[in-house]
Amino acid sequence: MAFQRRRNHYYHRFRFLIPFILAISGSLLLFFAVLSFLAPSPNDSDHSRRIPPVQFDAASVEEIGVSHFRVPRNGARSARDLWTSRNAKFYSGCTNASNKFQKASAITHPNRYLLIATSGGLNQQRTGITDAVVAARILNATLVVPKLDQKSFWRDSSNFSEIFDVDWFVSFLSRDVKIIHQLPKRGGKTWNTHSMRVPRKCSERCYQTRVLPVLLKRHAIQLSKFDYRLANRLETDLQKLRCRVNYHALKFTDPIQKMGENLVQRMRARSKHYIALHLRFEPDMLAFSGCYYGGGEKERGELGAIRRRWKTLHQASNPDKERRHGKCPLTPEEVGLMLRALGYGQDVHIYVASGEVYGGEETLAPLKALFPNFHSKETIASKEELEKFSSYSSRMAALDFIVCDESDVFVTNNNGNMARILAGRRRYFGHKPTIRPNAKKLYRLFLNRANMTWRAFSSRVRTYQRGFMGEPNEVRPGRGEFHENPSPCICADTKPRPNSDSGTRTYGKGDIITPRRDEPATVDDQNNDYEPERGDSDEEEEPADFQDKGPFNATSLDYDANNSEEPELEEMLSD
């Protein structure tokens with residue numbers, strides 16, 4: 001009974017508190033309801049999604065102030081060598097054909113002529129030229145020197161011999177494929193060539209079943225829009241032929257090569273090491289990627305207007321989603337912070353390969369503050385020196401290609417054609433570091449950096465970038481695009497290769513002599529990048545045709561190598 005009385009006593013005391021508790025709870029609910037009503041919605045607030053900008057403290061001598069953390073002038077401390085790849089000395093390029101790979105003279109059939117018309121900008125056309133040689137070998141045909149794309153977005157009138165050393169190209173490959181400068185006359189008349197298009201990622205069997213019967217009937221055929229028209233996976237000798245073409249036979253003409261070497265020497269005169277950055281933050285790149293960077297209606301209007309120039313492009317439905325999924329380039333500011341977090345200090349020299357940057361100097365200012373030694377071909381060469389190149393987008397792109405290839409570290413800000421070609425080339429020539437931002441993970445890190453210390457931020461960056469630094473064996477053989485990951489052409493060595501100097505390489509004649517089948521080829525020094533593999537298909541996929549609807553001072557437009565329904569931006573690096 002005593003226990004029951006005590007329980008009733010406490011119950012009556014608590015009963016008087018219930019109305020008071022309910023009143024407080026109701027007030028809190030009302031307060032949060034009003035607060036949520038007054039707060040801007042996530043869809044309408046640009047500020048809520050915008051990554052906090054870098055804020056610089058001009059009074060600071062030892063450090064640069066960035067939001068709520070401070071970036072040390074020497075970058076984050078790193079236990080690794082910033083300028084070399086681990087174990088790179090145990091790998092080298094190897095492109096020798098096997099003994100069963102017959103000479104061209106033994107397998108080339110008379111009255112079989114293959115012509116190709118390349119598509120896109122310089123680097124997309126480079127893949128087409130490389131694959132055309134292999135296609136001619138598969139068809140046992142004579143290849144006519146490829147025709148470059150002169151009619152699309154870039155309006156570059158250059159022909160093959162004005163970009164590449166055509167005589168070297170023909171002679172270097174003479175044992176693999178017979179190549180002629182033009183079709184011979186037939187009974188004193190010009191051949192009537194048959195034009196056709198092959199599916200993307202067409203396999204060896206695909207060429208034999210789709211193309212060969214037409215070639216046997218017509219004797220001379222032209223394959224149009226020839227880009228990424230050859231499967232990723234081929235038998236090893238054909239893959240090695242691809243590498244001989246891409247890394248040794250395609251040599252830039254002397255004027256381009258000499259000017260490129262001059263640019264490299266001028267960068268070396270400024271610093272022992274330098275980083276080359278393929279920035280890819282041009283208006284067309286951002287427009288076609290469908291990304292959003294927090295610029296409000298001004299940004300949406302400007303980039304949306306670019307997208308509407310091409311009928312096949314849909315308006316971006318969820319730009320933020322593209323950023324979250326790592327499908328957008330980093331801003332120049334974010335690239336700078338990533339590099340500083342990886343350990344590159346303020347004194348490092350950077351060569352930037354880029355066209356017109358969206359937002360101009362205002363967008364570039366944070367990157368230049370983080371890396372004041374900021375260079376481009378326009379800043380290290382005179383207007384007079386560039387005059388004979390500046391009217392041709394492919395020649396200007398070739399200059400950037402040489403400087404980026406020769407850099408100690410190459411940083412790519414997208415996975416376009418130039419990025420893939422250079423990643424594979426640097427991997428083949430000794431694994432010089434090639435950094436690709438892990439954009440998916442870095443995006444949220446940049447978004448939340450105001451709440452972090454610099455030490456925590458830089459530690460996270462280094463963690464997220466593991467597997468994205470161009471180290472040997474980062475990518476399993478066969479993964480990604482072949483031109484990006486040419487694993488059949490890279491051999492492991494039991495003994496480390498001697499260190500090569502960092503002097504400028506020549507492109508072709510200075511690499512190796514025509515490969516001999518009885519001894520290994522020796523190659524000098526350079527690295528990688530990757531993307532998830534996508535399956536090859538013999539299904540025909542026709543790319544959408546894009547026509548320029550008016551003048552626009554941007555860089556370029558390209559077709560996606562994996563998905564012909566979505567356009568991809570090429571890296572024409574002209575102004």
Side-chain angles (χ1 to χ4, degrees), residues 90-109 112 114 126-143 168-179 201-209 211-212 229-251 421 424-425 427-431 472-473 475-495 497 508-526 528 533 536:
F90 291 101
Y91 296 86
S92 60
C94 50
T95 61
N96 293 340
S98 68
N99 292 328
K100 67 179 182 180
F101 196 73
Q102 293 180 287
K103 293 181 180 180
S105 57
I107 58 98
T108 304
H109 288 246
R112 287 191 195 178
L114 179 66
R126 189 182 185 110
T127 64
I129 295 165
T130 299
D131 291 348
V133 173
V134 180
R137 175 79 190 198
I138 292 171
L139 298 168
N140 296 329
T142 296
L143 177 68
W168 172 254
F169 178 75
V170 172
S171 64
F172 186 91
L173 296 170
S174 60
R175 297 178 67 177
D176 301 310
V177 173
K178 183 179 178 181
I179 304 174
K201 305 304 179 74
C202 193
S203 66
E204 186 176 357
R205 180 175 174 273
C206 169
Y207 275 92
Q208 291 167 345
T209 57
V211 182
L212 185 57
R229 304 287 168 175
L230 189 62
N232 256 350
R233 297 181 182 179
L234 301 171
E235 61 105 356
T236 301
D237 269 329
L238 293 179
Q239 298 287 56
K240 291 197 172 190
L241 174 56
R242 260 178 162 169
C243 294
R244 289 198 292 278
V245 179
N246 196 2
Y247 304 136
H248 302 294
L250 285 174
K251 174 185 179 294
I421 289 286
R425 183 178 178 89
R427 164 177 280 238
Y428 176 82
F429 283 112
H431 286 278
N473 295 328
V475 190
R476 293 197 302 274
R479 299 286 289 183
E481 288 288 344
F482 176 80
H483 298 291
E484 175 180 23
N485 182 28
S487 53
C489 303
I490 299 172
C491 298
D493 301 323
T494 55
K495 294 182 179 180
R497 293 180 295 106
K509 296 176 185 176
D511 288 342
I512 59 171
I513 303 173
T514 304
R516 297 173 58 183
R517 290 161 172 77
D518 57 351
E519 63 181 51
T522 57
V523 200
D524 39 79
D525 175 32
Q526 284 192 345
N528 143 338
E533 180 188 13
D536 299 335

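Note: hydrogens, waters and symmetry copies are ignored here, and every other heavy atom, side chains too, is used.
- Per the SG-SG cut-off, C491 and C94 are bridged by a disulfide [distance under 2.5 Å].
- The distance from the OG1 atom of T95 to the NE2 atom of H248 is 4.5 Å, given to the nearest 0.5 Å.
- A side-chain donor-acceptor contact under 3.5 Å links R126 and N246.
- Residues L250 and F169 are in side-chain contact: their nearest non-hydrogen atoms beyond the backbone lie under 4.5 Å apart.
- Both tests pass for R137 against the ring of F101: distance under 6.0 Å to the centre and angle within 45° of the axis.
- Judged purely by atom type and a 3.5 angstrom limit, S171 uses its side chain to pair as donor or acceptor with the backbone of W168.
- Annotation for N140 and I107: closest pair CB-O, 3.1 Å, computed over non-hydrogen atoms.
- When R229, K201, R242 are each tested for a salt bridge (charged side-chain N to carboxylate O under 4.0 Å, His left out) with D131, only one passes: R242.
- Rounding to the nearest 0.5 Å places CG of N485 at 14.5 Å from OH of Y428.
- Separation of atoms CD (Q239) and OG (S487) is listed at 8.0 Å; rounding is to 0.5 Å.
- Remark: F482 pairs with no residue by the ring pair (Phe, Tyr, Trp, His ring centres under 6.0 Å) rule, at least two apart or across chains.
- Here the closest non-hydrogen pair linking Y207 and I138 is CB-CG2, 4.0 Å.
- When all heavy atoms of A104 and S174 are compared, the pair lying nearest together is CB-O, 3.6 Å.
- Atom OG of S203 is separated from atom CD of Q208 by 8.0 Å, given to the nearest 0.5 angstrom.
- Across all non-hydrogen atoms, the minimal contact from I179 to V170 is O-CG1, 3.5 Å.
- The heavy-atom pair separating R244 from A97 by the smallest distance is NH1-N, 3.6 Å.
- Note that CG of D176 is 9.5 Å distant from CG of D237, once rounded to the nearest 0.5 Å.
- Shortest non-hydrogen contact noted between A136 and L143 is CB-CB, 3.9 Å.
- Distance CZ/R233 to CD/E204: 15.0 Å, rounded to 0.5 Å.
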